[in-house]
Amino acid sequence: MNPWVLIDTVPLPDGRGDIRLIQRADEFSIMLGTIALMNSRLSGSEEAMAGLSWARIKDRPKAHMLIGGLGMGFTLRAALAELPATVKITVAELMPAVVAWARGPMAPIFGDCLDDPRVDIKVNDVRRVINSAKATYDAILLDVDNGPDGLTVETNDALYSMAGLKAAKAALRPGGVLAIWASAPDRAFTQRLQRAGFAVEEERVRANGKSRGSRHVIWLATNTPSRPVAPVRPKPSGS
């Protein structure tokens with residue numbers, strides 16, 4: 001068996017550790033310590049997130065989709081395969097090295113997707129992109145960590161807080177979808193999404209896209225319009 005070879009090591013923005021890109025033959029893995037954050041052979045659930053999100057907004061031919069986290073490009077490539085030419089996709093990736101890996105050692109698996117005219121790559125914190133947007137996106141897809149419990153960068157936790165979810169709701173157009181990938185279920189997070197005003201569905205998807213193997217979780221939270229508060233009518237005089 002071919003050994004793993006270290007391709008690159010870069011520090012996390014908050015200084016809490018390093019992530020490493022390693023390669024074995026045509027297989028890549030991004031590691032945080034001994035934890036594999038993603039592997040090029042396990043892409044089923046990330047690809048499913050794109051399809052599940054698009055299915056809920058496909059009546060919007062000029063939709064704008066925001067993908068948080070470039071990673072190995074699984075979600076981006078799946079979206080490009082399904083979405084029409086009129087759709088715009090913005091990808092926010094916090095770490096410049098990840099974009100460099102996509103154009104460098106991992107170019108064989110990315111192909112030309114970063115140069116697709118539908119795609120705009122922003123080297124930026126997706127939280128800042130969301131916070132600066134108002135009714136801008138039809139779908140926001142978050143795959144920036146292992147889920148609601150931030151593993152790689154501590155500030156990712158803010159994305160999944162009540163304030164972060166409300167910011168995402170404000171950044172979505174009415175009926176838009178917030179999709180969040182996670183490695184495991186989290187009932188408390190489902191309830192938090194509901195309290196933030198989303199209609200929530202939870203999908204369990206195989207990590208390898210096949211009928212066997214571990215399952216990951218995708219929350220699909222629809223931005224339902226807020227119910228208007230009925231005005232308080234003044235009482236008639238003399239009552």
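Position 1 is the first residue of the sequence, and the numbers go up from there.
- Using a 4.5 Å cut-off between side-chain heavy atoms of Ile, Leu, Val, Met, Phe, Trp and Tyr, with links allowed through other members, I109 and L37 fall into the same hydrophobic cluster.
- Here CD of E47 is found 11.5 Å from CG of L76. Values are rounded to the nearest 0.5 Å.
- Of the possible polar contacts, none joining the R56 side chain to the L220 backbone as a donor-acceptor pair under 3.5 Å is found.
- Considering only heavy atoms from C-beta on, F198 comes within 4.5 Å of L172 through its side chain.
- Residues V10 and V98 have side chains not in contact (no heavy-atom distance under 4.5 Å, counting atoms from C-beta outward).
- Between D138 and K88, no side-chain nitrogen of the basic residue sits less than 4.0 Å from a carboxylate oxygen of the acidic one, so the salt-bridge criterion is not met.
- Between G51 and E82 the shortest heavy-atom distance is CA-OE2, 3.4 Å.
- In this structure a side-chain-to-backbone donor-acceptor pair under 3.5 Å is present from T136 to K134.
- Hydrophobic clustering, with ILVMFWY side chains joined whenever heavy atoms are under 4.5 angstrom apart, groups I180 together with V200.
- Shown here is R128, whose CZ atom has no more than 12 heavy atoms of other residues, nucleotides or ligands within 6.0 Å.
- The shortest non-hydrogen separation linking N39 to M72 is C-SD, 3.7 Å.
- Proximity of L21 to P105: side-chain heavy atoms (C-beta onward) are separated by under 4.5 Å at one or more points.
- Considering all non-hydrogen atoms of both residues, L141 and A50 come closest at CD2-CA, 3.9 Å.
- Distance alone, capped at 3.5 Å, places no donor-acceptor pair between the K58 side chain and the L83 backbone.
- In this structure, V123 is a member of the same hydrophobic cluster as M65, with clusters built from ILVMFWY side-chain heavy atoms closer than 4.5 Å.
- Without hydrogens or angle criteria, R103 side chain to V99 main chain gives no donor-acceptor distance under 3.5 Å.
- Here CD of E27 is found 3.5 Å from CH2 of W4. Values are rounded to the nearest 0.5 Å.
- In this structure, the side chains of V205 and W181 stay at 4.5 Å or more apart for every pair of heavy atoms.
- Under the 4.5 Å side-chain contact rule for hydrophobic residues, M31 and L6 share a cluster.
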_Audit row: D18, R20, salt bridge (charged side-chain N to carboxylate O under 4.0 Å, His left out) steps and yes/no_ = CA-CA 7 Å; D18 300 325; R20 296 175 291 122; over 6 Å; no
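- Taken from CD1 in I140 to NZ in K169, the straight-line distance is 11.5 Å, to the nearest 0.5 Å.
- Heavy atoms only, all atoms of each residue included: G176 and R60 are closest at N-NH2, 3.8 Å.
- For the pair R173/I57, no side-chain contact is recorded, criterion being any heavy-atom separation below 4.5 Å from C-beta on.
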*Evaluate the criterion side chain to side chain contact (heavy atoms under 4.5 Å, CB included) for residue pair V129 and Y137; output intermediate values, then yes/no.*
CA-CA 11 Å; V129 176; Y137 302 106; 3.4 Å; yes
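- For the pair L165 and L178, the minimum side-chain heavy-atom distance is below 4.5 Å.
- Contact between A184 and W219 at its shortest, heavy atoms only, is O-CH2, 4.0 Å.
- Remark: the backbone N or O of L193 is not paired with any side-chain donor or acceptor of Q191 at under 3.5 angstrom.
- Rounding to the nearest 0.5 Å places CD1 of I67 at 13.0 Å from CZ of F74.
- The shortest distance between side-chain heavy atoms of R24 and S29 does not fall below 4.5 Å.
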*R127 and L94: side chain to side chain contact (heavy atoms under 4.5 Å, CB included), yes or no, with the steps?*
CA-CA 10 Å; R127 192 161 52 101; L94 177 63; over 6 Å; no
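- Residues V91 and T75 have side chains not in contact (no heavy-atom distance under 4.5 Å, counting atoms from C-beta outward).
- Between atom CD1 of residue I218 and atom CG of residue L52 there is a gap of 5.5 Å, rounded to the nearest 0.5 Å.
- T86 places a side-chain N or O within donor-acceptor distance of the main-chain N or O of P61, the cut-off being under 3.5 Å.
- With R192 contributing its side chain and Y160 its backbone, the two residues share a donor-acceptor pair below 3.5 Å.
- Separating the CE atom in M106 from the CG atom in D26 is a distance of 13.5 Å, to the nearest 0.5 Å.
- In terms of modelled atom types and a separation under 3.5 Å, the side chain of R77 and the main chain of C113 share no donor-acceptor contact.
- Nearest heavy-atom pair, A102 versus L70, reported as atom, atom and distance to 0.1 Å: CB-CD2, 4.0 Å.
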*Step by step, work out the side chain to side chain contact (heavy atoms under 4.5 Å, CB included) result for I30 and W101.*
CA-CA 10 Å; I30 295 177; W101 294 346; 4.0 Å; yes
